[in-house]
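These notes are about the structure you will find just below.
First the proteins, then the strands, lettered A, B, ... as listed; each starts at 1.
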Number of protein chains: 2
Amino acid sequence: MSKLQHLKERAFQNPEVRHEYDALAEEFEFIDTLLKMRTAAGLTQDELARRMGTQKSNISRLEKGGTNPSWGTLKRYAHACGFELSIDFHGA
Amino acid sequence: MSKLQHLKERAFQNPEVRHEYDALAEEFEFIDTLLKMRTAAGLTQDELARRMGTQKSNISRLEKGGTNPSWGTLKRYAHACGFELSIDFHGA
DNA sequence: TTGATTGTTATCATATGGGATAACTTTTAG
DNA sequence: CTAAAAGTTATCCCATATGATAACAATCAA
């Protein structure tokens, strides 16, 4: 195992660290999903914004993370990219 | 085809009607997902509310629909039920 | 029936999501 | 290099999601 791996494991012993890490990982994945949709649709932020009836700055804000978008906003984002969105839950 | 089916098809010619219908269907499915999580966890609204650090009245409001909850709220709901939540998109 | 549990509704206060605008930085094409 | 396109950041404003409390209705067991 690499030294880095070792440090990581040690750090993960701390629940605070672990939780923070997981939260970040989730957010990355979340943003990645948005970006995948937009790039799959071949749209710029500006074009997407227009389709959603909003401004590119707001799209950027969304895609930079750190916010807590509503389900409605996410659906509109998806629709503007030509997709449907669904939630599903799975055992923790 | 039943008379009812026939009426339905006629009504669906109207895009307004169609859209409204789809929106309702989506919301039903959405609420159903929430309910499925809570019942799977065997929780009452009150118990769930306590786990989420809120009130049962707010849970009821959520589950009655007509609102536009944030992604964060949905995740907290799921977590309180012992689930993880994920979004995925699929071709319209 | 009656009481307890569960869910609903109404209402208020507050935090924040999201719209709008403008200036700025980064990236890309010529 | 330079101009245009794409993305970012800051700010203001408003609508509304959500917390809190309380009274009410519905369900269910004893």
Taking [atom1] from [X] and [atom2] from [N], how many angstroms apart are they, rounded to a whole number?
{"X": "A:Asp46", "N": "C:dT27", "atom1": "CG", "atom2": "P", "result": "18 Å"}
{"X": "A:Lys64", "N": "D:dA10", "atom1": "NZ", "atom2": "C1'", "result": "15 Å"}
{"X": "A:Glu63", "N": "D:dG7", "atom1": "CD", "atom2": "P", "result": "8 Å"}

Please tell me if the side chains of [X] and [Y] come closer than 4.5 Å, counting only heavy atoms from C-beta onward.
{"X": "B:Leu85", "Y": "A:His90", "answer": "no"}
{"X": "A:Phe30", "Y": "A:Leu74", "answer": "yes"}
{"X": "B:Tyr77", "Y": "B:Met37", "answer": "yes"}
{"X": "B:Gln55", "Y": "B:Ile59", "answer": "no"}
{"X": "A:Arg38", "Y": "A:Leu35", "answer": "yes"}

Distance alone, cut at 3.5 Å: any donor-acceptor contact between the side chains of A:Asp88 and B:Ser86?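 There is such a pair (donor and acceptor under 3.5 Å, judged by atom type) between the side chains of A:Asp88 and B:Ser86.
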For B:Lys75 and B:Glu84, what are the C-alpha separation, side-chain angles and deciding distance, and is it a salt bridge (Lys or Arg N to Asp or Glu O under 4.0 Å)?
CA-CA 7 Å; B:Lys75 258 190 350 191; B:Glu84 284 299 330; over 6 Å; no
task: Determine the minimum heavy-atom distance between A:Ser70 and B:Asn68, stating which atoms define it.
output: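 Reported closest heavy-atom pair: OG-ND2, 3.0 Å.
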Under a 4.0 Å heavy-atom criterion, the protein footprint on nucleotides 15-30 of chain D, written with B, S and -, is --SBBBBB--------
| task | Return the residues of residues 27-45 of chain A meeting this criterion: a heavy atom under 4.0 Å from some atom of DNA chain D. Order them by number, or give none. | result |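 Hits under 4.0 Å, by residue number: A:Arg38, A:Thr44, A:Gln45.
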Presence of A:Ser60 side-chain N/O under 4.0 Å of D:dG7 phosphate oxygens OP1/OP2
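Answer no for this pair, as no side-chain N or O of A:Ser60 is under 4.0 Å from OP1 or OP2.
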